[in-house]
Amino acid sequence: MYNHQTIEKKWQKIWVETGAHKTGVAKGKPKYYVLDMFPYPSGAGLHVGHPKGYIATDILARLKRMQGYNVLHPMGWDAFGLPAENYAIKNKLHPRKATEKNIATFKKQINLLGLSYDWDLEISTIDPAYYKWTQWAFLQMWKKGLAYESFEPINWCPSCKTGLANEDLEGGLCERCGSLVEQKPMRQWVLRITDYAERLLNDLEKLSGWEETIKEMQRNWIGRSEGAEIDFAVIGGDRSIKVFTTRLDTIFGCTYIVLAPENSLVEALQDKIKNWPAVKRYITETKNKTDLQRTDLNKAKTGVILDGLTAINPFDKTAVPIFVADYVLNSYGTGAVMAVPAHDIRDFEFAKKYGLRIKTVILPVNDIAQESEAYLADGRLILSGEFSGLDSADARVKMVDWLENNKTGARKVNYKIKDWVFSRQRYWGEPIPIIHCAKCGVVPVLESELPVVLPEVKSYEPTGTGESPLAAIKDWVNIKCPKCGGPAKRETNTMPQWGGSCWYYLRYIDPNNNKALVDKKLEKYWSPVDFYVGGAEHATRHLIYARFWHKFLFDIGAVNYDEPFTKLRQVGLIMGEDGRKMSKRWGNVINPDDIAARYGADALRVYEMFMGPFEQAVNWNTNGLTGARRFLEKIEKLSVTFVAPEKEDEEALSLLHKTIKKVGEDIESFNFNTAISALMILANKLTDYNNQNNYSSVSSESFFSLLKILSPFAPHLAEEIWEKLGHKKSIFKSSWPEYDPELIKDKTINLVVSVNGKVRATLEVPVDIKEADALALALQNANIKKWLEGKEIVKNIFVPGKLLNIVVK
RNA sequence: GGUCCAGUGGUGGAACUGGUAUACACGCAGCACUUAAAAUGCUGUGCCGUAAGGUAUGUGGGUUCGAUUCCCACCUGGACCACCA
């Protein structure tokens, strides 16, 4: 038994006093940048699930330091944003006070676990010296035309009283508070992330260190589709209708056109709509629907015809009716579609309901088409003029050529990703550094005037007016125009939380730089982040936003690399013992402080890494901790009872070297569970030997190697034993042991002998045994003889070093 | 509906590139130590069977000397997206 409380307190104190975790910058050493996604310091504090990723990166950081790297391993706070602000409002505390308090709690909890962060580099997004550069980057985007004002309807959360980006929704609900999100037209700042869509997509190919699942999620989110934009001339109107389609091969089956209710063409027809009360009513009804109601897949499709208007199919010149229907989204493509009911489920459903014509123009090449539903797959074209007889894929190419030759359409690529709604009508965020002048319009704040500091307000609750609470501070809002000197007003919207987290990993490199976003020499040394770890929930938000921001910084020459994160791993959640997410609501929260106090931080670290594969969600099980604790005690006991042998035991020594190899490899590949399992097997072996002999199996040098490979997992205990065994300098100043390739080679193996694929014997033989010798040995084996009796040997399969399979009949 | 992932003992899980399935740990049972309990140590532990042996990686097929691993179909669960034309 060891007293974890004494040991852990002691070493945590020593590490601080000796500056053990200061970032190394020794010359001639390679660099390694290990980073956690920095947390929002919410009011609830940490539960045992939060540190899982931090423990993993800590193990990696400690390994890399011992391997002789200069390691950058920092931590900071994503402290602006709705959660912090909502917490502050609820608890009647100023957001800054609340945030500071939460940061203190988080930091205390993190430090209990013996994590080796360099706290000298700590940053916080709410620090004006930090957000100066968030604002600076925004201004650079504005200069390049990537930040613009828009008046389109956007997602509006009536409870948080702010506009939200598409990425902030979960199934039509506000991701923060769960309220039904409305569509509300309002002025807002938007970042043109769509300009980067192609690069964000293509450069995923470069990211071989990312898990395929995350890349796939980003591909889906960006949602690239190739197709054609087609002009349909309108009879009875002065404008043509543009539609986007990926299925140009089906155009001869187009029997009507549908416009989204918000389509600008519908607006342009205002005069006519006056005479169409049904249309007017339909549009009003649609506007009153929430996004959730509108996109409910179960509801029947509705729509209304634009009487008297027809559109002309450029291919066959047929006239088709035009409808307005809310199953068409204005935000995608042109907000208008050519409806091909025979080959699209949605159009099929709509056509059935309104009795519209269904014209089949694609026949399956092999199967038989069913008449009761739309045929969606590719096939062979019929009733399609000169294109009849072609296969779909071929037809799409020829038909788009035809469109371009006839100037009635063109090739077109569309993306699902939308521009990033970047303003929030809330207090707790970075002020957008823009001034509105009555004469000059939008004027940027001078770079020399940055940061625009978030002023103190009396009431920081959201107003719901489309302005943030900042609008109420007259002497802050009213300002002279930097261009003409006339009266002007500051922008009162603030940035979303995702702004500050787009570039924080650069700030750690150079946390006090007030002259530039980052010193380029330092950035060149440390960038990119070698290993990045965080939750899967950031796959399509933070990780897309940060890649976009970083590419922009690269384009303006502020950084040297165009992808910020080389390797990326996601942490699997730790669920409650009941299998539900840990939450106050279910009363299943396990607090890391309690566990560390009772079982020790080292046991907690070992247990969390041993629970299962790193990426996978696992249920917490306090019983499982005893296994981790027993393992640590076994090691401690080995150290206390250590007696150096005259000669090392060969088997134990070989196992040690195999374990050194495995643990090093497993840490780098994040297979912590198998690394710990290997350490346990080694500890068990050494313990067994000690129990059977009066001395230990390996030399003290070898035992030190065991301590070293244990140390990233259980740093406190490893330090303590290391010191007790006579070392003056920290174990983390020692170097990671090398395994001896000769020692890990097996001299003999257990050769499996099977008859017809069933194992009948295992023979201990030299590793390099030849087939003939193996067969001769096998044929002498009594059990094998029994199975071969009366049978004829057809052939033998021999896998050197593994098995011999005798096939009989 | 789309995209992706997974399914192995009572439980968490392991198994390299197709080559001894169930490593390691929890739990459980028995034993030792103890006045007793806890702790610790030892032994056992997929299922059927006294054993020999048989059988087992969601289900059903296939390829193979040999399949948890590869292929096809289905069932179940999860993640993300979702009227994206």
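Numbers restart at 1 for each chain; the letters A, B, ... are given by sequence-line order, proteins then strands.
Out of B/C83, B/C65, B/U20, the shortest distance to the side chain of A/Leu329 is found at B/C83. With B/G19, B/A25, B/G13 as the choices, the nucleotide that has an atom nearest any side-chain atom of A/Asn684 turns out to be B/A25. You'll find that the side chain of A/Glu216 is closest to B/U3, out of B/G12, B/A85, B/U3. Listed candidates were B/A85, B/C65, B/C83. Nearest to the side chain of A/Asp326 is B/C83. When each of B/G66, B/U40, B/A25 is scored by its nearest atom to the side-chain atoms of A/Phe610, the top-ranked nucleotide is B/A25. Comparing B/G53, B/G12, B/G19 against the side chain of A/Asn783 picks out B/G53 as the nearest. Considering only the side chain of A/Arg760, B/G53 comes nearest among B/G13, B/G53, B/U3. When each of B/G41, B/C24, B/G13 is scored by its nearest atom to the side-chain atoms of A/Asn691, the top-ranked nucleotide is B/G41. Looking at the side chain of A/Gln616, the nearest of the listed nucleotides B/G13, B/A25, B/A85 is B/G13. Picking from B/G19, B/A85, B/U20 the nucleotide with the shortest atom distance to the side chain of A/Val759 gives B/U20.
Protein atom CG of A/Leu763 is 12 Å distant from nucleotide atom C1' of B/U20, rounded to whole Å. The interatomic distance linking A/Leu804 (CG) with B/G19 (P) rounds to 16 Å, in whole Å. Atom P of nucleotide B/C42 and atom CZ of A/Arg630 are separated by 11 Å, given to the nearest angstrom. Put simply, CE on A/Met217 is 16 Å from P on B/U3, counting in whole angstrom units. Rounding to whole angstrom units, NZ of residue A/Lys795 and P of B/G66 are separated by 9 Å. B/A39 atom P lies 19 Å from atom CG of A/Asn3, rounded to whole Å. Distance, A/Leu573 CG to B/G78 P: 15 Å, rounded to whole Å. Spacing between atom OH of A/Tyr2 and atom C1' of B/U40 amounts to 16 Å, rounded to whole angstrom units.
Within the 4.0 angstrom heavy-atom criterion, no nucleotide atom of any strand lies near A/Val258. In this structure, A/Val618 reaches the sugar-phosphate backbone alone: every heavy-atom distance under 4.0 Å involves primed, P, OP1 or OP2 atoms, never a base. A/Val807 comes within contact range of the sugar-phosphate backbone alone, with a heavy-atom separation under 4.0 Å but no base atom that close. At the heavy-atom level, A/Trp620 lies nowhere under 4.0 Å from the strands shown. Among the protein residues, A/Lys786 comes within range of the sugar-phosphate backbone only, with heavy atoms under 4.0 Å from sugar or phosphate atoms but none that close to a base. Within the nucleic acid shown, A/Ser225 comes within 4.0 Å of sugar-phosphate atoms alone, with no base atom in reach, counting heavy atoms only.
For B/A25, neither phosphate oxygen OP1 nor OP2 lies less than 4.0 angstrom from any side-chain nitrogen or oxygen of A/Asn621. Dashed line: the shortest gap from a side-chain N or O of A/Lys802 to OP1 or OP2 of B/G66 is not under 4.0 Å. Not one side-chain nitrogen or oxygen of A/Lys215 sits closer than 4.0 Å to the OP1 or OP2 atom of B/C4. Under 4.0 angstrom from either OP1 or OP2 of B/C24 there lies no side-chain N or O belonging to A/Thr674. For A/Asn673, a side-chain nitrogen or oxygen approaches OP1 or OP2 of B/A14 to under 4.0 Å.
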Handout entry: Worked verdict on A/Thr360 versus A/Tyr375 for side-chain hydrogen bond (donor to acceptor under 3.5 Å, both in side chains)
Key = CA-CA 9 Å; A/Thr360 298; A/Tyr375 174 73; over 6 Å; no
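Among the duplex regions that RNA chain B forms, those built from at least three successive Watson-Crick or G-U pairs under 3.5 Å are B:1-7 with B:75-81, B:10-12 with B:24-26, B:27-32 with B:40-45, B:46-48 with B:53-55, B:58-62 with B:70-74, ordered by first number.
Taking the side chain as every heavy atom from C-beta outward, A/Thr250 and A/Arg396 never approach each other to under 4.5 Å. Inter-residue side-chain proximity for A/Met37 and A/Val571 is flagged as unmet; no heavy-atom pair is nearer than 4.5 Å. Put simply, the side chain of A/Pro341 does not reach to within 4.5 Å of the side chain of A/Leu356, judged on heavy atoms. Side-chain contact between A/Leu204 and A/Arg547: present, with at least one pair of heavy atoms (C-beta onward) separated by less than 4.5 Å. No side-chain heavy atom of A/Trp498 sits under 4.5 Å from any side-chain heavy atom of A/Glu167.
On a pure distance criterion of 3.5 Å, a polar donor-acceptor pair joins the side chain of A/Asn805 and the base of B/C65. Checked by distance alone, A/Lys301 brings a side-chain donor or acceptor within 3.5 Å of a matching partner on the base of B/C83.
When the shell of 6.0 Å around NZ of A/Lys791 is examined, it contains 12 or fewer heavy atoms from other residues, nucleotides or ligands.
Residues A/Phe672 and A/Ala56 approach most closely at CE1-CB, 3.6 Å, considering heavy atoms.
For the C1' atoms, the distance linking B/G19 with B/G53 amounts to 23 Å, nearest Å. On the P atoms, B/A21 is 29 Å away from B/G27, given to the nearest whole Å. Separating the C1' atom of B/G18 from that of B/U63 is a span of 11 Å, rounded to the nearest Å. If you take atom C1' in B/A67 and the same atom in B/G77, they sit 24 Å apart, rounded to whole Å. B/A29 and B/G10 have their C1' atoms separated by 13 Å, given to the nearest Å. The separation of B/A15 from B/U57, taken at their C1' atoms, amounts to 11 Å, rounded to a whole angstrom. One C1' atom belongs to B/A51, the other to B/U59, and the distance between them is 33 Å to the nearest Å. The separation of B/A6 from B/C70, taken at their P atoms, amounts to 9 Å, rounded to a whole angstrom.
Between A/Met338 and the options A/Thr255, A/Asn313, A/Asp344, A/Val243, a side chain to side chain contact (heavy atoms under 4.5 Å, CB included) holds for only A/Val243.
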Which pairs of donor and acceptor atoms, one on a side chain in residues 622-630 of chain A, lie under 3.5 Å apart (sequence neighbours left out)?
from: A/Thr622; atom 1: OG1; to: A/Trp620; atom 2: NE1; distance (Å): 2.8
from: A/Thr626; atom 1: OG1; to: A/Asn623; atom 2: O; distance (Å): 2.6
from: A/Arg629; atom 1: NE; to: A/Glu633; atom 2: OE2; distance (Å): 2.7
from: A/Arg629; atom 1: NH1; to: A/His4; atom 2: ND1; distance (Å): 2.8
from: A/Arg629; atom 1: NH1; to: A/Tyr599; atom 2: O; distance (Å): 3.1
from: A/Arg629; atom 1: NH2; to: A/Tyr2; atom 2: O; distance (Å): 2.9
from: A/Arg629; atom 1: NH2; to: A/Glu633; atom 2: OE2; distance (Å): 3.0

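B/G9 adopts a syn glycosidic conformation, its chi angle falling within 90° of 0.
Residue A/Thr213 is the one, among A/Thr213 and A/Asn619, whose nearest nucleotide of RNA chain B lies closer to the 5' end (criterion: closest heavy atom).
Aromatic ring centres of A/Phe348 and A/Phe350 lie farther apart than the 6.0 Å criterion allows.
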